[in-house]
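Below is one structure, written out as structure tokens, with a few remarks after it.
Positions are given from 1 along the sequence. Because the structure is predicted, anything quoted here is derived from the model rather than measured.
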Amino acid sequence: QVPLVESGGGLVQAGGSLRLSCGTSERTSLQYAMGWFRQAPGKEREFVAGIKWRNGNTLYLDSVKDRFTVSRDRAKNTMYLQMTGLKPEDTAVYYCAATLNTNIYPPRESTDYASWGQGTQVTVSS
């Protein structure tokens, strides 16, 4: 497990943008996959986006793939989620996660991730 710290959440109007960051103080192995999940009140945690540390392959939730972009800066051991065109239904606590994974693409299931951040609130007003 690696310690993860998210930042960048906040309150934004519909149509606005936010960028979330997820950093670790430890060097991230090239075998890592990292992901963003979110959980709205009364709903289950869902996969939003993920990225493989080595090759940069990404996966997205269908409802965000044209609006959100996941990226990583290997030199800074940091993953980002650039969110544009935000909608009220994007309101949730966003979590970053990491796991050792040798697949070509990052996993989508939360149970496949071993390390989690504390979460950051994103609120989109209509």
Side-chain angles (χ1 to χ4, degrees):
Q1 294 188 356
V2 295
L4 302 172
V5 178
E6 302 106 333
S7 62
L11 173 64
V12 64
Q13 290 187 334
S17 300
L18 283 174
R19 188 177 80 156
L20 306 183
S21 299
C22 173
T24 175
S25 57
E26 299 184 9
R27 182 177 177 180
T28 307
S29 166
L30 290 176
Q31 296 301 322
Y32 264 79
M34 295 188 72
W36 289 100
F37 290 77
R38 67 187 182 187
Q39 188 166 18
K43 295 188 177 181
E44 293 189 355
R45 189 170 298 189
E46 66 176 352
F47 174 84
V48 176
I51 189 166
K52 284 302 303 279
W53 214 247
R54 178 185 292 274
N55 58 25
N57 283 352
T58 57
L59 286 176
Y60 293 92
L61 177 69
D62 284 347
S63 62
V64 309
K65 64 182 178 180
D66 295 327
R67 301 183 292 122
F68 292 6
T69 302
V70 61
S71 62
R72 89 277 194 236
D73 185 327
R74 283 162 45 170
K76 295 182 178 180
N77 295 319
T78 300
M79 175 179 65
Y80 303 96
L81 184 68
Q82 179 68 50
M83 303 184 293
T84 62
L86 283 162
K87 303 176 181 180
E89 52 263 42
D90 295 318
T91 295
V93 177
Y94 283 70
Y95 299 89
C96 70
T99 190
L100 284 170
N101 182 281
T102 58
N103 292 340
I104 296 174
Y105 287 93
R108 292 179 178 269
E109 297 296 327
S110 60
T111 52
D112 290 329
Y113 288 83
S115 301
W116 291 85
Q118 81 285 357
T120 185
Q121 177 71 46
V122 172
T123 302
V124 184
S125 63
S126 57

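Pairs passing the side-chain hydrogen bond (donor to acceptor under 3.5 Å, both in side chains) check and including a residue from residues 98-116, sequence neighbours excluded, do not occur. The side-chain hydrogen bond (donor to acceptor under 3.5 Å, both in side chains) contacts involving residues 78-92 comprise R38-D90, R67-D90, where partners must be two or more places apart or lie in separate chains. The list of salt bridge (Lys or Arg N to Asp or Glu O under 4.0 Å) pairs with a residue in residues 68-77, not counting sequence neighbours, is empty. For residues 26-126, the set of pairs meeting the disulfide bond (SG atoms under 2.5 Å apart) definition, not counting sequence neighbours, comprises C22-C96. Contacts classified as ring-ring contact (aromatic ring centres under 6.0 Å, His included) and involving residues 5-28 (residues at least two apart or in different chains) are not found. Among pairs with a residue in residues 29-65, none fulfils disulfide bond (SG atoms under 2.5 Å apart), at least two apart in sequence or across chains. Among residue pairs with one or both ends in residues 53-63, those qualifying as salt bridge (Lys or Arg N to Asp or Glu O under 4.0 Å) are D62-K65; sequence neighbours excluded.
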Would F37 and F47 count as a ring-ring contact (aromatic ring centres under 6.0 Å, His included) if you check the C-alpha gap in whole Å, the side-chain angles of each, and the deciding distance to 0.1 Å? CA-CA 4 Å; F37 290 77; F47 174 84; 5.6 Å; yes
Criterion side chain to side chain contact (heavy atoms under 4.5 Å, CB included) on L61 and E46, from CA distance to verdict: CA-CA 9 Å; L61 177 69; E46 66 176 352; 3.9 Å; yes
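Residues V93 and T120 are not in side-chain contact: their nearest non-hydrogen atoms beyond the backbone lie 4.5 Å or more apart. Within the 4.5 Å cutoff, the side chain of T24 has no heavy atoms near those of the V5 side chain. Y95 is not listed as a side-chain neighbour of Q118, based on a closest heavy-atom distance of 4.5 Å or more.
With values rounded to the nearest 0.5 angstrom, L20 atom CG is found 8.5 Å from F68 atom CZ. Atom-to-atom distance recorded for Y32:OH and M79:CE is 12.5 Å, nearest 0.5 angstrom. With rounding to the nearest 0.5 Å, the separation of CG in L4 from OG in S21 is 12.5 Å. For the atom pair OG1 (T69) and CZ (R19), the distance works out to 11.5 Å, reported to the nearest 0.5 Å. Annotation: the span from L100 atom CG to Q31 atom CD amounts to 7.5 Å, rounded to 0.5 Å.
Of all heavy-atom pairs between A98 and V2, the closest is CB-CG2, 4.2 Å. The minimum heavy-atom distance between P107 and A33, with the atom names listed, is CD-CB, 3.8 Å. Shortest non-hydrogen contact noted between A14 and S126 is CB-CA, 4.4 Å.
Not a single ring pair (Phe, Tyr, Trp, His ring centres under 6.0 Å) links W53 to another residue, sequence neighbours left out. With sequence neighbours excluded, the residues forming a side chain to side chain contact (heavy atoms under 4.5 Å, CB included) with N55 are K52, N57, I104, listed by chain and number. Every residue meeting the side chain to side chain donor-acceptor pair (under 3.5 Å) condition with T123, not counting sequence neighbours, appears here in chain and number order: Q121. For the salt bridge (charged side-chain N to carboxylate O under 4.0 Å, His left out) test, no residue two or more places apart in sequence or in another chain qualifies with D66. By the ring pair (Phe, Tyr, Trp, His ring centres under 6.0 Å) test, Y60 pairs with no residue at all, sequence neighbours left out.
At a threshold of 4.5 Å between side-chain heavy atoms, the hydrophobic network of Ile, Leu, Val, Met, Phe, Trp and Tyr places I51 and L59 in two separate groups.
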